[in-house]
Visitor: 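Structure provided below as structure tokens; questions to follow.
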Amino acid sequence: MLEGIRVIDFSQYLPGPHTTLRLADLGAEIIKVESPYGDPARNSLDDNGAGYVFLAQNRKKKSIVLNLKDKKDQELALKLIAEADVVLESFRPGVIDRLGIGYDEAVKVKKDIIYCSLTGYGQTGRMSHLGGHDLNYLSLSGMLSQLKDKDGRPVQPSNTIADFIGGISASESILAALVKRFKTGEGSYIDLSITDSLVPLMSNHVMIANATGEEHGVDKLNNKLVCYYLYETSDHRFVSLGALEPKFWQNFCKAVGKEAWVPAHLSLAEESNPTFEELKALFASRTFAEWCKFSLEIDCCLAPVLETSEIVNHPLMKDRGLIVKTEDLCYTLTNYHALDISAETAPEFGEHTEQIISHIEGKVK
């Protein structure tokens with residue numbers, strides 16, 4: 001879909017690289033500009049230097065090494081921008097301008113450039129100069145307040161949700177800017193804050209809280225009803241039942257031979273509710289594997305809570321081709337319409353530097 005679109009990516013770590021990975025999966029050419037030290041994700045201490053985060057987020061890209069503090073390399077960066085459609089950067093506000101390759105300089109060499117600055121708190125405002133990480137963005141957006149244990153303590157996710165959503169939002173904005181350019185011939189400057197991208201996920205909660213005082217969104221989705229609950233299996237795993245609609249609840253009750261439960265569809269998940277206690281006992285009477293099989297046979301909105309290692313073998317992932325194994329590494333596609341990645345891995349550090357510099361300096365015609 002994006003064949004012929006060239007993106008210059010000055011970002012590192014996760015949100016920016018995930019943005020351009022999504023564009024790469026749709027066919028765009030991504031030129032990743034790395035400092036002489038490389039993207040820190042290449043040698044992360046979190047995985048003993050294996051660089052798994054780098055490998056996961058940078059497949060299908062080209063790597064060029066430039067020292068953006070050097071005047072000559074700044075000029076090379078501007079030459080790259082002159083031949084590009086999109087620029088992505090994730091420095092703190094003002095840094096990219098001091099390096100001589102900010103938006104004002106970019107439009108001088110490419111009038112219709114689409115230039116996206118991706119930061120935690122945006123380019124303006126009282127927090128724009130502050131550093132932040134995924135956990136901070138989740139906290140400020142209100143998202144983390146919705147993930148609490150039974151004692152009311154926020155639960156720290158093991159997935160960097162904000163970083164990924166920031167990447168999704170940035171790629172969405174870039175695609176919208178490309179449509180605008182095709183229609184009008186005009187480029188765009190995009191100031192995208194990761195925290196900004198999380199706040200819309202709280203839209204229902206904000207509306208309801210201000211109207212009713214309820215802090216946890218749609219009440220019936222909040223661990224309240226027997227038909228919408230996480231149940232434990234006999235081998236201490238969990239499955240999610242989401243039979244909100246009467247037809248799904250009826251299908252479930254009929255399949256387990258408990259049609260007497262049908263009237264209790266929207267009853268509360270409380271110990272004083274006999275149906276709830278019977279449901280817990282039912283789920284605890286079968287293994288996780290048995291409920292997995294049940295979920296594929298009965299149309300009742302039942303799904304297993306899969307562990308990471310189990311995702312790759314689930315029928316949905318196989319049918320949709322969402323996970324690809326290459327050289328003993330597993331890659332997830334960002335889009336069902338992504339191009340084949342069977343031979344596309346992450347680039348070696350500076351792998352394409354000579355090739356790209358030769359081209360932009362006119363040595364390759």
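Residues: numbered from 1 along the sequence shown.
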Visitor: Does a donor on one side chain and an acceptor on the other come within less than 3.5 Å for Ser117 and Tyr189?
Guide: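 Distance-only check passes for Ser117 and Tyr189.
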Visitor: Do you see a donor-acceptor pair shorter than 3.5 Å between the side chains of His265 and Gln250?
Guide: no
Visitor: Could you give me the CA-CA distance, side-chain angles and deciding distance for Tyr229 and Tyr231, then say whether ring pair (Phe, Tyr, Trp, His ring centres under 6.0 Å) is met?
Guide: CA-CA 6 Å; Tyr229 199 83; Tyr231 289 99; 4.9 Å; yes
Visitor: Between Glu351 and Ser63, is any side-chain donor less than 3.5 angstrom from a side-chain acceptor?
Guide: no
Visitor: With a cut-off of 6.0 Å (strictly less than), are more than 12 heavy atoms of other residues, nucleotides or ligands near CD of Glu354?
Guide: no
Visitor: Could you identify which residues cluster with Leu230, counting Ile, Leu, Val, Met, Phe, Trp and Tyr as linked when any side-chain heavy atoms lie under 4.5 Å apart, either directly or through a chain of such contacts?
Guide: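 Members alongside Leu230: Phe238, Val305.
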Visitor: Which atom names give the shortest non-hydrogen contact between Leu68 and Ala77, and what distance separates them?
Guide: CD2-CB, 4.0 Å
Visitor: Give, for atom NE2 of His352 and atom CD1 of Ile64, the distance between the pair rounded to the nearest 0.5 Å.
Guide: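 One finds 10.5 Å between NE2 of His352 and CD1 of Ile64.
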Visitor: Has Asp25 got a side-chain atom pairing as donor or acceptor with Thr334's backbone, closer than 3.5 angstrom?
Guide: yes
Visitor: Phe164 and Tyr137: aromatic ring centres closer than 6.0 Å?
Guide: no
Visitor: Show your working on salt bridge (Lys or Arg N to Asp or Glu O under 4.0 Å) between Asp112 and Lys110 and close with a plain yes or no.
Guide: CA-CA 6 Å; Asp112 62 350; Lys110 186 66 181 294; 3.8 Å; yes
Visitor: Would you check if there is a donor-acceptor pair between the side chains of Asp235 and Thr287 at a distance under 3.5 Å?
Guide: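 On atom types as modelled, these side chains do not qualify, holding no pair under 3.5 Å.
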Visitor: Do Glu232 and His236 have side-chain atoms, one donor and one acceptor, less than 3.5 Å apart?
Guide: yes
Visitor: Less than 3.5 Å apart, any donor N or O on the side chain of Thr20 or Lys32 sitting next to an acceptor on the other?
Guide: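 No, because no side-chain N or O of Thr20 sits under 3.5 Å from a partner of the opposite role on Lys32.
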Visitor: Any ion pair linking Glu34 and Arg42 (charged N to carboxylate O, less than 4.0 Å)?
Guide: yes
Visitor: Please tell me whether Gln146 and His205 have a donor and an acceptor in their side chains that are separated by less than 3.5 angstrom.
Guide: yes
Visitor: Tell me if a side-chain donor or acceptor on Thr212 pairs with a main-chain N or O of Ala209 at a distance below 3.5 Å.
Guide: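 Here the side-chain-to-backbone pair does not exist.
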Visitor: Which value, rounded to the nearest 0.5 Å, describes the distance between Glu348 atom CD and Thr353 atom OG1?
Guide: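 Taking CD in Glu348 and OG1 in Thr353, the distance rounds to 12.0 Å.
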Visitor: Kindly say whether Val262 contributes a backbone atom to a donor-acceptor pair with the side chain of Trp249 at under 3.5 angstrom?
Guide: yes
Visitor: Check for a donor-acceptor pair, side chain of Asn222 on one end and backbone N or O of Lys224 on the other, with a separation under 3.5 Å.
Guide: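 No.
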Visitor: To the nearest 0.5 angstrom, please state how far the OG atom of Ser171 sits from the CG atom of Leu118.
Guide: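 If I round to the nearest 0.5 Å, the distance is 10.0 Å.
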Visitor: Test your reading of the model: is there a side-chain donor-acceptor pair from Glu307 to the backbone of Ser309, 3.5 Å cut-off?
Guide: no
Visitor: Less than 4.0 angstrom from a charged side-chain N to a carboxylate O is my criterion; do Lys293 and Glu297 meet it?
Guide: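 Judged by the 4.0 Å cut-off on N to carboxylate O distance, Lys293 and Glu297 do form a salt bridge.
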Visitor: Please find out if less than 6.0 Å separates the ring center of Phe288 from that of Trp291.
Guide: no
Visitor: Angle between ring planes, Tyr115 versus Tyr103, binned at 30° and 60°: parallel, tilted or perpendicular?
Guide: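 Perpendicular: the ring planes of Tyr115 and Tyr103 meet at over 60°.
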